[in-house]
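All values below were derived from every heavy atom in this structure, side-chain atoms included, with hydrogens, water molecules and symmetry-related copies excluded.
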Amino acid sequence: MKRWKRILTAVLTGTMTAALAAAAPVWASVDLEAVYGISTNDIQGWPKGPEISSDTGIIMEAETGVVLYDKGADELRYPASITKLMTLLVAVENVGLDETVTFTETGVRDVTPDSGNIGMQLGETMSMRDCVYAMIIYSANEVAAQIAEYVGGTEQDFIDMMNERAAEIGCTNTHFANASGLPDPNQYTTARDMALIFREGLKNSTFREIVGTPTYIIKPTNMNSSERKMHTHHPLFAEEAPLYYEGCIGGKTGMTNDAGHTLVTGVERDGVTYIAVVMRASELSPACLDSRAMFDYAYQNFRKEEFEGSKVILPNGTNADALTSKVENIKGKDMECFYLSDHLVGMGSLVLPSPTPEVQDEVEEIGDAQDEPLYRDAEEEKDSADNGQEKKSLSDTAKLLFAVMGVMAAVLVVLLIALSVKKRKQRKYKQKRGQRHGKN
């Protein structure tokens with residue numbers, strides 16, 4: 001009996017273990033040893049892109065989403081502090097900047113010497129506006145955690161919001177485990193997904209204003225009597241920096257040991273906005289040089305133009321007549337997608353043809369009207385007059401009948417009332433007569 005109990009226990013334990021393993025999330029693995037080529041160099045008729053030292057990189061046109069340069073753009077890497085771009089987007093979409101945030105244990109736990117912070121204290125208050133600027137410009141980790149708790153109710157709920165929003169944007173290789181970008185093996189993304197996140201953010205005027213602000217001052221708070229002045233760490237965005245890139249509209253830097261240096265940057269020139277993302281550069285300077293090389297490549301070799309009511313990105317010297325198109329379902333909506341050598345260069349809403357009017361029927365109706373004689377003879381006029389008179393006579397008869405019926409109905413009502421009154425009087429008379437007989 002004991003032997004069977006042990007076997008049964010072992011079976012149940014094994015079953016439960018297998019069930020728990022099946023229910024547990026399976027995280028993707030990040031291969032930091034892999035080396036990738038520039039896949040866009042394989043496109044026929046496409047300008048050759050520059051070699052970059054970063055593990056992966058991408059440049060995307062913001063309006064169309066067209067990718068001009070792709071080096072391992074869909075390969076997993078750790079994001080580090082460029083995570084805060086996703087945190088910013090979720091925050092500005094869900095709360096007002098004038099709301100007051102009180103720092104709790106959630107926020108102050110990340111105030112450590114090895115974590116970027118602005119020294120917030122337990123119980124200290126700041127506006128949400130101050131918080132988001134501190135998070136983006138100074139890359140304050142404790143502020144990112146406090147924003148998450150404030151907006152989501154709990155950190156985990158906010159992280160769930162980040163992942164849900166990323167999926168809505170179209171990110172297919174991204175998972176967030178915290179709001180700051182601090183090291184976590186279950187927090188990963190790709191260059192393409194980060195470009196999509198930044199692209200979505202630029203559609204939001206508040207997001208765009210915040211990432212586009214190089215300097216910000218936080219006034220004294222209830223627990224800090226000094227101002228906190230912050231200036232951007234992004235070398236392509238700081239006008240005084242040697243690597244400043246003309247037209248830069250902002251972005252975000254990031255760095256951890258495993259992530260290396262990550263960089264997201266937006267540049268706008270002559271009505272065209274490009275987004276560059278590089279991941280796992282050895283230092284910030286090479287990350288900036290890689291980004292500059294990709295921006296130069298984009299602005300020097302491509303142009304944006306109208307084509308069949310949509311915007312397309314074409315290599316210089318390429319005629320739009322070389323494009324092919326096909327209808328594809330994008331996020332549940334049929335879109336007309338334009339390709340150059342099987343590479344997507346633009347898309348637009350599918351325009352359905354208007355139904356062709358039935359011209360023949362209209363012509364026949366007009367013809368019938370034209371065949372009608374302008375003048376009719378006297379006999380036709382007389383017949384028409386007689387018909388009209390007959391219709392008028394019938395109408396008058398009907399009115400008379402309705403009037404007679406109305407009078408008859410009224411008389412009937414009066415008779416019924418009179419009969420009812422007579423019956424009541426008879427009943428009363430009989431009652432009185434009976435009473436008199438009873439007395440006698």
Side-chain angles (χ1 to χ4, degrees), residues 58 60-63 65 77-99 101 127-182 184 187-214 216 232 234 237 248-254 262-268 273-277 279 331:
I58 193 172
M60 177 185 291
E61 201 277 322
E63 182 180 11
R77 287 295 179 269
Y78 298 117
S81 280
I82 60 176
T83 296
K84 294 182 174 77
L85 293 171
M86 186 78 246
T87 303
L88 173 64
L89 179 59
V90 175
V92 299
E93 287 180 339
N94 288 278
V95 298
L97 297 187
D98 292 329
E99 297 184 30
V101 179
S127 68
M128 179 57 72
R129 176 176 283 99
D130 290 342
C131 287
V132 293
Y133 277 108
M135 178 179 68
I136 294 300
I137 298 178
Y138 201 83
S139 202
N141 292 321
E142 88 273 37
V143 178
Q146 194 62 61
I147 289 173
E149 183 182 72
Y150 180 85
V151 177
T154 67
E155 269 191 290
Q156 187 57 54
D157 285 345
F158 184 85
I159 293 164
D160 292 342
M161 292 168 68
M162 293 171 69
N163 286 314
E164 290 169 7
R165 189 69 177 96
E168 290 173 1
I169 292 169
C171 301
T172 56
N173 295 293
T174 292
H175 183 266
F176 294 108
N178 60 59
S180 61
L182 286 171
D184 190 308
Q187 177 136 314
Y188 49 83
T189 188
T190 67
R192 186 190 302 273
D193 284 358
M194 285 308 307
L196 289 173
I197 291 168
F198 194 65
R199 179 191 180 212
E200 186 72 10
L202 292 179
K203 299 175 186 177
N204 184 297
S205 59
T206 304
F207 179 101
R208 190 174 184 123
E209 178 184 353
I210 292 165
V211 299
T213 301
Y216 187 82
T232 182
H234 197 314
F237 186 44
C248 184
I249 58 175
K252 186 74 187 73
T253 61
T262 58
L263 190 65
V264 178
T265 313
V267 170
E268 182 178 359
T273 301
Y274 286 118
I275 299 166
V277 180
M279 305 195 74
K331 295 183 180 179

Side-chain heavy atoms of [X] within contact of [Y], under 4.5 Å:
X: N173; Y: R192; result: no
X: V143; Y: C131; result: yes
X: V151; Y: M128; result: yes
X: M162; Y: T83; result: yes
X: T206; Y: V132; result: no
X: L85; Y: F207; result: yes
X: R165; Y: E200; result: yes
X: L202; Y: I275; result: yes

Report yes or no: does [X] contribute a side-chain atom to a donor-acceptor pair with the main-chain N or O of [Y] at less than 3.5 Å?
X: K84; Y: I137; result: no
X: H234; Y: V264; result: yes
X: R199; Y: E63; result: yes
X: T87; Y: A179; result: yes

Interatomic distance, [X] atom [atom1] to [Y] atom [atom2] [nearest 0.5 angstrom]:
X: F176; Y: I159; atom1: CZ; atom2: CD1; answer: 10.5 Å
X: T190; Y: R77; atom1: OG1; atom2: CZ; answer: 10.5 Å
X: I249; Y: R208; atom1: CD1; atom2: CZ; answer: 4.0 Å
X: F158; Y: M86; atom1: CZ; atom2: CE; answer: 8.0 Å
X: T172; Y: D193; atom1: OG1; atom2: CG; answer: 5.0 Å
X: D184; Y: H175; atom1: CG; atom2: NE2; answer: 9.0 Å

> Which residue pairs pass the ring pair (Phe, Tyr, Trp, His ring centres under 6.0 Å) test with at least one member in residues 131-150, sequence neighbours excluded?
Replying inline: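 Sorted pair list: Y133-Y216, Y138-H233.
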
>> N141 vs S81, test: side chain to side chain contact (heavy atoms under 4.5 Å, CB included). Steps then yes/no.
In response: CA-CA 8 Å; N141 292 321; S81 280; 4.2 Å; yes

> Got a sec, which residues hit side-chain contact (heavy atoms from CB on, under 4.5 Å) with A145, two or more places apart in sequence or on another chain?
Replying inline: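 Partners of A145 by the side-chain contact (heavy atoms from CB on, under 4.5 Å) criterion, ordered by chain and then number, come out as T106, R109, D110, E155.
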
> Nearest heavy-atom pair of C248 and V267: which atoms, and what distance?
Replying inline: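 Closest heavy-atom pair between C248 and V267: CA-CG2, 3.9 Å.
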
> Can you name the nearest heavy-atom pair linking I58 to A195, along with the distance?
Replying inline: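 That closest heavy-atom pairing would be CG2-CB, 4.1 Å.
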
>> With no hydrogens and no angle check, just 3.5 Å: does a side-chain donor-acceptor pair link K252 and S139?
In response: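 Judged by distance alone, the side chains do pair up.
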
>> Test side chain to side chain donor-acceptor pair (under 3.5 Å) on N178 and Q187; report intermediate values, then the result.
In response: CA-CA 7 Å; N178 60 59; Q187 177 136 314; 3.2 Å; yes

> Which is it for T189 and M279 under the side chain to side chain contact (heavy atoms under 4.5 Å, CB included) test, yes or no, and what are the steps along the way?
Replying inline: CA-CA 10 Å; T189 188; M279 305 195 74; 3.7 Å; yes

>> If you apply the rule side chain to side chain contact (heavy atoms under 4.5 Å, CB included), what do you find for I169 with L89, and how did you get there?
In response: CA-CA 11 Å; I169 292 169; L89 179 59; 3.8 Å; yes

